[in-house]
Amino acid sequence: MRRLGSVQRKMPCVFVTEVKDEPSAKREHQPFKVLATETVSHKALDADIYSAIPTEKVDGTCCYVTTYKDEPYLWARLDRKPNKKADKRFKNFLHSKENSKEFLWNVEEDFKPVPECWIPAKEIEQLNGNPLPDENGHIPGWVPVEKNNKQYCWHSSVVNYEFEIALVLKHHPDDPGLLEISAVPLSDLLEQTLELIGTNINGNPYGLGNKKHPLHLLVPHGAFQIRNLPTLKHSDLLSWFEGCEEGKIEGIVWHCHDGCLIKVHRHHLGLCWPIPDTYINSKPVIINVNLNKYDYAFDDTKCLFSHFSKINNQKFGRLKDIIFDV
């Protein structure tokens with residue numbers, strides 16, 4: 001599995017953005033929109049965006065695989081956020097007209113507590129050994145997904161720690177027009193970030209599973225490369241999103257050679273998301289989850305590994321067609 005960039009911090013937009021005083025279509029109750037201009041950003045140019053690898057931005061929640069208690073583990077995204085007092089001070093600073101100076105945080109006192117096992121995301125700036133918040137006042141980080149933690153039950157459904165495997169969606173290795181769901185060793189995913197998608201994640205834009213039989217999967221970041229992207233012009237990208245089958249996606253993430261990640265979201269271009277027929281659901285998908293080598297009965301009626309092992313080698317027309325009949 002080819003490795004591209006790891007999502008450890010907020011990604012900048014490929015274009016210079018501007019704020020419009022109109023209700024956001026992306027975030028409810030947000031009274032403004034952030035829209036892309038026609039100017040490519042300096043960050044994108046500095047990262048050599050024109051030689052970067054464009055990939056589909058998948059709509060889910062970010063995860064990370066790294067070690068925990070000396071074993072490969074799935075970690076969930078958990079940003080450390082400021083407490084009420086610090087948040088009010090920060091927002092007053094942002095809305096002040098005299099904000100030419102940098103906002104000063106007291107990392108030890110300004111932020112809400114996090115679990116002891118929490119770790120800060122890589123690549124974030126630090127001062128005197130303390131991670132510094134980003135421009136939104138958050139410190140990106142991770143917590144391990146413990147097996148019996150109800151808060152992360154949907155994360156838990158895609159991993160089996162006894163056999164150190166995870167349910168992963170990616171292109172079939174021999175047919176790029178075919179998707180494949182397989183059980184991948186967690187050790188093969190170490191130090192990668194992935195997107196958890198499914199029934200109970202972000203409103204389920206891909207229509208996976210249902211309330212009675214939820215379905216969740218992990219998608220490695222950069223897994224779906226875009227082959228026929230137009231030139232990097234605002235108008236061309238807008239036309240591509242609106243009129244191309246491959247453009248029926250949430251957005252684009254460019255993986256630059258220096259490890260930098262640059263994005264554009266449909267909302268940056270004034271377009272809607274989610275949409276009825278996504279590109280990910282236009283491709284057939286095959287199940288490759290053979291668990292015979294494990295001396296274990298995956299017979300839990302709620303276990304996704306059990307469900308997929310029973311339909312191993314079965315091919316579906318679309319991801320949303322996978323409904324478990326139990």
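Between T67 and W75, every side-chain heavy-atom pair lies at or beyond the 4.5 Å cut-off. By the 4.5 Å heavy-atom criterion applied to side chains, H138 and R80 are not counted as neighbours. Looking only at side-chain heavy atoms (C-beta outward), E180 and K170 come within less than 4.5 Å of each other. Side-chain atoms of L232 and V14, non-hydrogen and from C-beta on, do get closer than 4.5 Å to each other. Residues H171 and K283 form a side-chain contact, since some pair of their non-hydrogen atoms from C-beta on lies under 4.5 Å apart. Contact annotation: the side chain of V58 approaches that of Y206 to within less than 4.5 Å [non-hydrogen atoms, C-beta and beyond]. Looking at I287 and I322, their side chains come closer than 4.5 Å, going by heavy atoms from C-beta outward. Contact annotation: the side chain of F241 approaches that of L269 to within less than 4.5 Å [non-hydrogen atoms, C-beta and beyond].
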Residues S51, D48; criterion side chain to side chain donor-acceptor pair (under 3.5 Å); working and verdict: CA-CA 6 Å; S51 63; D48 193 14; 2.5 Å; yes

Worked check of side chain to side chain contact (heavy atoms under 4.5 Å, CB included) between E18 and K20: CA-CA 7 Å; E18 60 183 7; K20 295 283 189 180; 3.3 Å; yes

Test log, rule salt bridge (charged side-chain N to carboxylate O under 4.0 Å, His left out), inputs R9 and E123: CA-CA 7 Å; R9 59 190 302 176; E123 302 173 9; 5.1 Å; no

Test log, rule ring-ring contact (aromatic ring centres under 6.0 Å, His included), inputs F324 and H213: CA-CA 7 Å; F324 300 118; H213 302 299; 7.4 Å; no

Test log, rule side chain to side chain donor-acceptor pair (under 3.5 Å), inputs T61 and E195: CA-CA 5 Å; T61 184; E195 203 77 5; over 6 Å; no

Stepwise side chain to side chain contact (heavy atoms under 4.5 Å, CB included) check, V168 with L217: CA-CA 6 Å; V168 172; L217 299 164; over 6 Å; no

From CA spacing to verdict: side chain to side chain contact (heavy atoms under 4.5 Å, CB included), F305, I165: CA-CA 10 Å; F305 290 90; I165 52 178; 3.7 Å; yes

Test side chain to side chain contact (heavy atoms under 4.5 Å, CB included) applied to W105 and L127, step by step: CA-CA 11 Å; W105 291 99; L127 179 64; over 6 Å; no

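Y279 and L178 fall into different hydrophobic clusters, defined by Ile, Leu, Val, Met, Phe, Trp and Tyr side-chain heavy atoms under 4.5 Å apart, directly or through other members. The hydrophobic clustering, which links ILVMFWY residues whose side-chain heavy atoms are closer than 4.5 Å, places I53 and L261 apart. Cluster membership check: L196 shares its hydrophobic cluster with L189, using side-chain heavy-atom separations under 4.5 Å among Ile, Leu, Val, Met, Phe, Trp and Tyr. Under the 4.5 Å side-chain heavy-atom criterion for grouping Ile, Leu, Val, Met, Phe, Trp and Tyr, W273 is connected to L319 within one hydrophobic cluster. Both W240 and V40 are part of a single hydrophobic cluster, where members link through side-chain heavy atoms under 4.5 Å apart.
For the residue pair W118 and L78, the shortest heavy atom distance occurs at NE1-O, 2.8 Å. Contact between I139 and P131 at its shortest, heavy atoms only, is CD1-O, 3.6 Å. Closest non-hydrogen pair, S282 versus E245, comes out as CB-OE2, 3.5 Å. Among all heavy-atom pairs drawn from P82 and F111, the shortest one is N-CD2, 3.5 Å. Smallest separation of non-hydrogen atoms from V289 and S182: CG2-CA, 4.0 Å. What you find for L194 and Q192 is that their closest heavy atoms are CD1-O, 3.9 Å.
Looking at Q314, its side chain never comes within 3.5 Å of a backbone N or O of K310 through a donor-acceptor pair. At distances below 3.5 Å, at least one donor-acceptor pair connects side-chain atoms of T193 with backbone N or O atoms of V7. Between the Y64 side chain and the V143 main chain, no donor and acceptor come within less than 3.5 Å of each other. Panel note: side chain N106, backbone D110; no donor-acceptor pair is recorded below 3.5 Å. Using a distance-only test at 3.5 Å, with no hydrogens or angles considered, a donor-acceptor pair links the side chain of N83 to the main chain of E109. Although no hydrogens or angles enter the test, the distance criterion places no donor-acceptor pair under 3.5 Å between the side chain of H268 and the main chain of C13. Side-chain atoms of R266 come within 3.5 Å of backbone N or O of G247 as a donor-acceptor pair. Side chain of N202 to main chain of N204: no donor-acceptor pair is present (N/O by atom type, distance under 3.5 Å, no hydrogens or angles). Here the side chain of Q126 pairs no donor or acceptor atom with the backbone of L132 at under 3.5 angstrom. A distance-only check finds a donor-acceptor pair linking the side chain of N281 to the backbone of K320 [under 3.5 Å].
N210 contributes atom CG, which lies 9.0 Å from atom CG of L215 (distance to the nearest 0.5 angstrom). Once rounded to the nearest 0.5 Å, the distance linking SG of C256 with NZ of K43 reads 12.5 Å. For the atom pair CG of D46 and OG of S41, the computed distance is 8.0 Å after rounding to the nearest 0.5 Å. Expressed to the nearest 0.5 Å, how far CG of N136 lies from NZ of K81 amounts to 10.0 Å. The line from CG of N130 to CD1 of I124 is 10.0 Å long, rounded to the nearest 0.5 Å. Taken to the nearest 0.5 Å, the SG atom of C244 stands 11.0 Å off from the CG atom of L237.
Under the 30°/60° scheme for interplanar angles, the aromatic rings of Y294 and F163 are found to be tilted. Classified by interplanar angle (parallel below 30°, tilted 30° to 60°, perpendicular above 60°), the ring pair F15/H234 is tilted. Classified by interplanar angle (parallel below 30°, tilted 30° to 60°, perpendicular above 60°), the ring pair Y152/H155 is perpendicular. The aromatic rings of F93 and F90 sit parallel to each other, their planes meeting at less than 30°, with 60° as the upper class boundary.
We find that D87 and K85 are not joined by a salt bridge, their nearest charged nitrogen and carboxylate oxygen being 4.0 Å or further apart. A salt bridge is defined here as a Lys NZ or Arg NE, NH1 or NH2 lying under 4.0 Å from an Asp or Glu carboxylate O, and K122 with E191 meets this definition.
A side chain to side chain contact (heavy atoms under 4.5 Å, CB included) with W142 is found for exactly one of C117, P120, C62, namely C62. None of I201, N200, I197 except one satisfies the side chain to side chain contact (heavy atoms under 4.5 Å, CB included) rule with L208; the exception is I197.
For CD of E108, the number of neighbouring non-hydrogen atoms (other residues, nucleotides, ligands) closer than 6.0 Å is 12 at most.
With sequence neighbours left out, R318 forms a salt bridge (charged side-chain N to carboxylate O under 4.0 Å, His left out) with D321.
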